[in-house]
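The structure appears below as structure tokens.
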Amino acid sequence: MKGVLLSGGTGSRLRPITHTGPKQLVPVANKPVLEYAIEDLKEAGITEIGVILGNKGRDEIQELLGDGSEYGVKITYIIQGNPLGLAHAAGCARDFVGDDDFVMYLGDNILKSGVTSLVESFEAGDYGAGIALQEVDNPQAFGIADVDDEDNVTELIEKPDDPPTNLALIGMYVFSPAVFDAIDDLEPSWRGELEITDAIQDLLEDGHEIDSHVVTGWWKDTGKPEDILEANRLVLEDESLETAGTIETGAEVEGRVELHESATIKDGAVVRGPVSIDKNTTIGSGAYVGPYTSIGANSTLESVHIENSVVIGNSELTASGRIVDSLLGRNANVESAEELLPEGRRLVVGENSQLKL
Ligand code: G1P
């Protein structure tokens, strides 16, 4: 069994964060989303992984993952170029996959339970594909599976207007190499993409059985800023957090706090977990870091109150205001404006930024 990890796409819904890098490298609990996928594949016993690269962020992704040895896997990079759909991306992996079965994992998704049970269930039968499903409230936005009374998959439809069920395809698939012939026969959908959902439907029509697996633990597609915040909250709630850094006498620290060994919480600072604080970061006197917040590396906080937020890193947050439910890109600074008129705000904000004042 091999792994094919999709890391293309434009990340348009995560602008401005993705102006400078691929969406798969946005950190959740101070770890790039893509690393969670590599760890899940490794846990399922998959060590040969093809990483599909789009036009964006190729260098950054290769720099992070390297040849995979740091993660105990072997990585082969495959260039997809323009994003022409998930089935097109899968098709690019044909030579890499050869005659093996493979897991296809969308690199901007995170799920609690990993892919081990999906792989085991597929391997126990004789299937053309295995799909992971979860009930959703908005089935029109996903690929949807219809099932009969015995839970056999009877139909797959991409973003149906009139969904037969609310069982969504969650972006984790297992395929036999038969999928490549199905991909060859696809026509672009209404959105101009080759849909993997249509390829699985073709497998079904060709007489292959489809293994379905309902995932009960949380799953998050991290496409939008609010998804990153929610994924961050879910991961911080779940993971064991290690406090290795310095907590000065007089600092008030409650709950679970991940503190890198080179990070410091100073006298007079208040931190209420779950929180993650990465390397070389200082939480200064008067700063408050509240639950479900991750502060990236090389940052300094003074006076600011922040909670339920993700700060990617290299930030100076020294304003005395409250920052909530926020996603701050690398090198973003929030300073105090005392020299300005009362209520004055001074903004230097990039394209596609969103401010709520
Ligand atoms: C894609 C798939 C869809 C699947 C979803 C999971 O949708 O086409 O079938 O349910 O991923 O996140 P997209 O994100 O391209 O709209």
Side-chain angles (χ1 to χ4, degrees), residues 4-15 18 22-24 26 28 33-34 36-37 40 52 54-56 80 82-93 103-115 118 129-147 153-175 179 182-183 186-204 210-228 230-231 234:
V4 171
L5 185 53
L6 269 51
S7 310
T10 56
S12 56
R13 291 174 302 166
L14 261 175
R15 287 177 191 149
T18 45
K23 59 180 171 176
Q24 295 84 2
V26 173
V28 162
V33 171
L34 202 53
Y36 291 92
D40 282 352
I52 313 275
N55 284 329
K56 185 165 197 154
Q80 177 192 12
N82 291 329
L84 303 176
L86 297 183
H88 173 250
C92 296
V103 169
M104 177 165 121
Y105 196 130
L106 303 191
D108 55 352
N109 281 240
I110 302 191
L111 81 167
K112 180 185 167 82
S113 52
V115 290
L118 180 69
I131 53 178
L133 302 172
Q134 188 166 93
E135 290 193 6
V136 293
D137 296 334
N138 52 340
Q140 287 87 353
F142 296 93
I144 293 296
D146 197 2
V147 292
V153 178
T154 54
E155 193 181 13
L156 293 133
I157 322 157
E158 182 64 23
K159 301 194 175 62
D161 291 333
D162 190 14
T165 71
N166 60 353
L167 288 170
L169 288 148
I170 70 164
M172 315 288 153
Y173 314 82
V174 193
F175 290 116
V179 75
I183 290 171
L186 290 178
E187 296 289 338
S189 65
W190 58 270
R191 60 172 172 169
E193 295 192 1
L194 297 181
E195 306 288 351
I196 199 67
T197 307
D198 293 346
I200 308 169
Q201 173 65 19
D202 283 359
L203 286 173
L204 197 61
I210 308 298
D211 183 32
S212 71
H213 201 81
V214 177
V215 172
T216 47
W218 55 259
W219 149 66
K220 210 68 224 148
D221 167 357
T222 59
K224 298 186 292 255
E226 54 268 36
D227 298 327
I228 296 285
E230 198 184 340
L234 292 164

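Counting starts at 1 for both ligands and their atoms, following the listed order. None of these values were measured; they are calculated from a predicted model.
- Some N or O of T197 is nearer than 3.5 Å to an N or O of ligand 1, by distance alone.
- Residue E158 touches ligand 1 through its side chain alone, judged by heavy-atom distances below 4.0 Å.
- Only the side chain of L86 comes within contact range of ligand 1, with a heavy atom under 4.0 Å; no backbone atom does.
- With respect to Y173, the side chain to side chain contact (heavy atoms under 4.5 Å, CB included) criterion is satisfied by exactly one of V115, V4, I196: I196.
- Of all heavy-atom pairs spanning I200 and A129, the tightest one is CG2-CB, 4.2 Å.
- From L34, atom CG reaches atom OG of S7 across 4.5 Å, with rounding to the nearest 0.5 Å.
- Here the straight-line distance linking atom CG of L133 with atom CG of N166 works out to 10.5 Å at 0.5 Å rounding.
- Only side-chain heavy atoms of R191 come within less than 4.0 Å of ligand 1; its backbone N, CA, C and O stay farther off.
- Residue-environment remark: CG (N138) exceeds the threshold of 12 foreign heavy atoms within 6.0 Å.
- Shown in contact with E195 at under 4.0 Å from a heavy atom are these atoms of ligand 1, numbered in order with element: 8 (O).
- To the nearest 0.5 Å, atoms CG (D211) and CG (L118) are separated by 7.0 Å.
- Between A141 and ligand 1, no pair of N/O atoms sits closer than 3.5 Å.
- Atom 12 (O) of ligand 1 has its closest protein heavy atom at D221 OD2, 3.6 Å.
- Heavy atoms of K159 approach ligand 1 to within less than 4.0 angstrom.
- L106 CD1, 3.8 Å is the protein heavy atom nearest to atom 11 (O) of ligand 1.
- Atoms OG1 and CG, on T222 and N109 in that order, are 6.5 Å from each other to the nearest 0.5 Å.
- Among all non-hydrogen protein atoms, the one lying nearest atom 6 (C) of ligand 1 is L169 O, 3.5 Å.
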